[in-house]
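Any value given below was found using the heavy atoms of this structure, including those in side chains, with hydrogens, waters and symmetry copies removed. Note that the coordinates shown come from a computational prediction; the quantities given were computed from them, not determined experimentally.
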Amino acid sequence: MAELKQKEIVPWHDFVAGSLGGMAQVTIGQPMDTIKTRLQIEGHSGRFSGPMDCLRKTIHNEGFLGLYKGMASPLAGIAAVNALLFAAYSNFKKLQEPYPGGPLSLTQIAIAGAGAGIVNAVLASPVELLKIKMQAQYGAGSKVHYSGPVDCARQLIKEHGVRNGLMRGYWVTVVREIPGYAGFYAGFEGMKRFLTPKGENPATYPLGLLSLMASGASGGVAYWLACYPLDMLKSMIQNQPNPPKGAFYILDAAKDVYRQGGIKPFFRGFSPTIIRAVPAAAATFTTYELAMRALSNL
C-alpha cells in the first residue's frame with residue numbers, strides 16, 4: 001500500500017498541543033517526581049530507606065501537598081519547554097524526510113528525538129534546576145532557603161550569575177536529553193506502529209485512546225531506561241550549593257558517585273520514576289495527539 005502523505009503541521013498547533021501535553025504530564029507526574037528527586041539527592045544520609053519511606057515521611061511532615069513541591073516552576077515553564085520540544089522534533093523529522101510527508105525509520109525518529117532534546121535543554125535545564133531546589137527543601141520545620149521559584153532564581157543569579165546560577169547543569173542536561181528523547185520518541189512511535197492495523201499508515205491512522213496511552217507509556221519508560229543514571233547525576237549537580245568546576249565535571253561527578261557505592265547509587269529513585277513514567281507520558285502523548293487532531297479540524 002502506498003504511503004499516505006501527512007498533513008502539514010501548523011506551528012501554533014504544535015505550541016498549543018505541546019503546552020497542554022506538558023501540563024498533563026506535570027500534574028500527574030509531580031508527586032512521584034518529588035520522591036525520585038529526594039531519593040537521588042539524599043545520597044548516603046540515611047534519611048529515607050526507600051521510595052515508600054520517602055513517600056510516607058513527606059506526607060507526614062509536609063502534608064499531601066508536599067508531594068507537589070517545586071511544581072510551580074515546571075508548570076509555569078512547561079508551555080515553552082514542550083512547545084520547543086515538539087516543534088524541534090517536527091523540524092528534525094522534516095529534515096530527514098525523503099519527500100514532504102514521507103515515511104521515516106525508527107532510527108530516523110530517534111535521531112529527530114535526540115536533536116529535539118539538545119534544543120530543549122536550553123529551557124529544560126533552568127526549569128528543572130528551580131524545581132529540584134524547591135523539592136530539596138524537606139520538612140515543614142526545615143530551614144527554607146527559597147520562598148518560591150522566582151526567589152530561587154533571583155538568589156542564584158545574585159550569588160553566581162546566570163551562567164553558574166540559573167544555567168547550572170546545562171551540559172549534563174544536554175547529555176541526558178540526547179539518549180532520553182531518542183528513546184522517548186522511538187518508543188512512542190514504535191508502539192504506535194505496532195498497534196496500527198496492518199495495511200494502515202501509522203502517520204495518519206487515528207488510534208484509539210487506550211492505544212495512544214499505551215504508546216505514550218512506552219515512550220516514557222524508554223526515556224528513563226535510556227538516560228536514568230545521567231538524570232541522577234544531573235539532580236546531584238544542580239542541587240549542589242556551589243557550581244560544578246572544570247570542563248569534565250560530569251565525569252568527575254560520576255567517579256565520585258561510583259567510589260561511594262558502585263553502580264547502585266546511579267539508580268536511586270528508579271522505581272518511582274518508572275511508576276511515574278507510565279501515567280505521565282501516557283497523559284502527555286495522548287493529550288498532545290488528541291489536541292493536534294482537534295486543532296487540525298478547525
Side-chain angles (χ1 to χ4, degrees), residues 18-43 45-82 123-156 166 168-169 173 213 216-217 220 223-224 228 231-232 234-241 268-288:
S19 300
L20 292 174
M23 289 176 186
Q25 179 190 47
V26 172
T27 303
I28 292 172
Q30 185 67 17
M32 285 297 102
D33 184 76
T34 298
I35 300 302
K36 176 209 76 163
T37 301
R38 288 182 169 178
L39 289 171
Q40 286 178 330
I41 64 180
E42 278 306 315
S45 70
R47 175 174 281 172
F48 308 118
S49 62
M52 291 306 297
D53 184 52
C54 182
L55 176 64
R56 181 181 61 80
K57 287 180 177 176
T58 296
I59 294 175
H60 177 75
N61 290 313
E62 302 172 85
F64 183 76
L65 292 180
L67 295 171
Y68 285 89
K69 186 171 283 187
M71 182 176 172
S73 173
L75 197 59
I78 202 66
V81 170
N82 265 39
L123 291 181
S125 180
V127 166
E128 292 188 18
L129 168 68
L130 299 178
K131 173 183 70 69
I132 288 168
K133 289 290 189 184
M134 297 304 298
Q135 288 173 325
Q137 296 181 156
Y138 171 75
S142 64
K143 181 181 177 181
V144 176
H145 298 285
Y146 311 112
S147 61
V150 175
D151 179 56
C152 181
R154 181 183 60 79
Q155 288 194 45
L156 288 172
L166 193 60
R168 181 184 306 176
T173 304
M213 292 177 71
Y223 175 94
W224 290 113
Y228 191 80
D231 182 74
M232 182 270 176
K234 185 186 79 70
S235 293
M236 288 189 63
I237 289 168
Q238 290 189 316
N239 188 54
Q240 290 173 351
R268 283 196 299 258
F270 184 70
S271 56
T273 300
I274 294 300
I275 292 171
R276 165 189 178 268
V278 174
T284 303
F285 272 116
T286 302
T287 303
Y288 174 80

Are any side-chain N or O atoms of Gln30 and backbone N or O atoms of Leu67, one a donor and one an acceptor, separated by less than 3.5 Å? no

Step by step, work out the side chain to side chain contact (heavy atoms under 4.5 Å, CB included) result for Arg276 and Ile35. CA-CA 10 Å; Arg276 165 189 178 268; Ile35 300 302; over 6 Å; no

What closest approach, in Å, do Tyr146 and Cys152 show between heavy atoms, and which atom pair accounts for it? CD2-CA, 3.5 Å

Just by distance, do the side chain of Asp33 and the backbone of Gly29 share a donor-acceptor pair under 3.5 Å? no

Return the minimal non-hydrogen interatomic distance between Ser235 and Ile41, and the atom names on each side. O-CG2, 3.7 Å

Check whether any side-chain heavy atom of Ile132 sits under 4.5 Å from a side-chain heavy atom of Lys234, and report yes or no. yes

Shortest non-hydrogen pair, Thr273 vs Gly269, comes out as OG1-O, 2.7 Å

Return the CG to CE distance between Leu39 and Met232, rounded to the nearest 0.5 Å. 10.5 Å

Any donor and acceptor pair, going by atom type alone, linking the side chain of Arg168 with main-chain N or O of Gln240 inside 3.5 Å? yes

Using 0.5 Å steps for rounding, measure from the CD1 atom of Ile274 to the OH atom of Tyr223. 11.5 Å

For the backbone of Ala283 and the side chain of Gln25, can you confirm whether one donor and one acceptor N or O come within less than 3.5 Å of each other? no

Please find the pair of heavy atoms, one from Ala153 and one from Leu130, that lie closest to each other, and give the distance. N-CD2, 3.7 Å

Would you give the length of the straight line joining atom OG1 of Thr58 to atom CZ of Arg38, rounded to the nearest 0.5 angstrom? 4.5 Å

CA sep, side-chain torsions, deciding dist, call: Thr284, Ile28, side chain to side chain contact (heavy atoms under 4.5 Å, CB included): CA-CA 9 Å; Thr284 303; Ile28 292 172; over 6 Å; no

Hey, does the side chain of Tyr228 reach the backbone of Arg268 with a donor-acceptor pair shorter than 3.5 angstrom? yes

Gln40 side-chain N/O to Met236 backbone N/O, donor-acceptor pair under 3.5 Å: no

Is any side-chain heavy atom of Ser125 less than 4.5 Å from a side-chain heavy atom of Gln238? yes

Steps toward side chain to side chain contact (heavy atoms under 4.5 Å, CB included) verdict (Met71, Thr27): CA-CA 8 Å; Met71 182 176 172; Thr27 303; 4.0 Å; yes

Quick one: does any side-chain atom of Lys69 pair with a main-chain N or O of Glu62 as donor and acceptor, under 3.5 Å? no

Would you confirm whether Gln155, through its side chain, and His145, through its main-chain N or O, come within 3.5 Å as a donor-acceptor pair? yes

Can Gln135 and Asn239 be counted as having a side-chain donor-acceptor contact under 3.5 angstrom? no

Heavy-atom closest contact (Ala282 atom, Met213 atom, distance): CB-O, 3.3 Å

Nearest heavy-atom neighbours spanning Thr34 and Tyr68: OG1-N, 4.5 Å

Do Leu156 and Leu129 make a side-chain contact, defined as non-hydrogen atoms from C-beta onward lying under 4.5 Å apart? yes

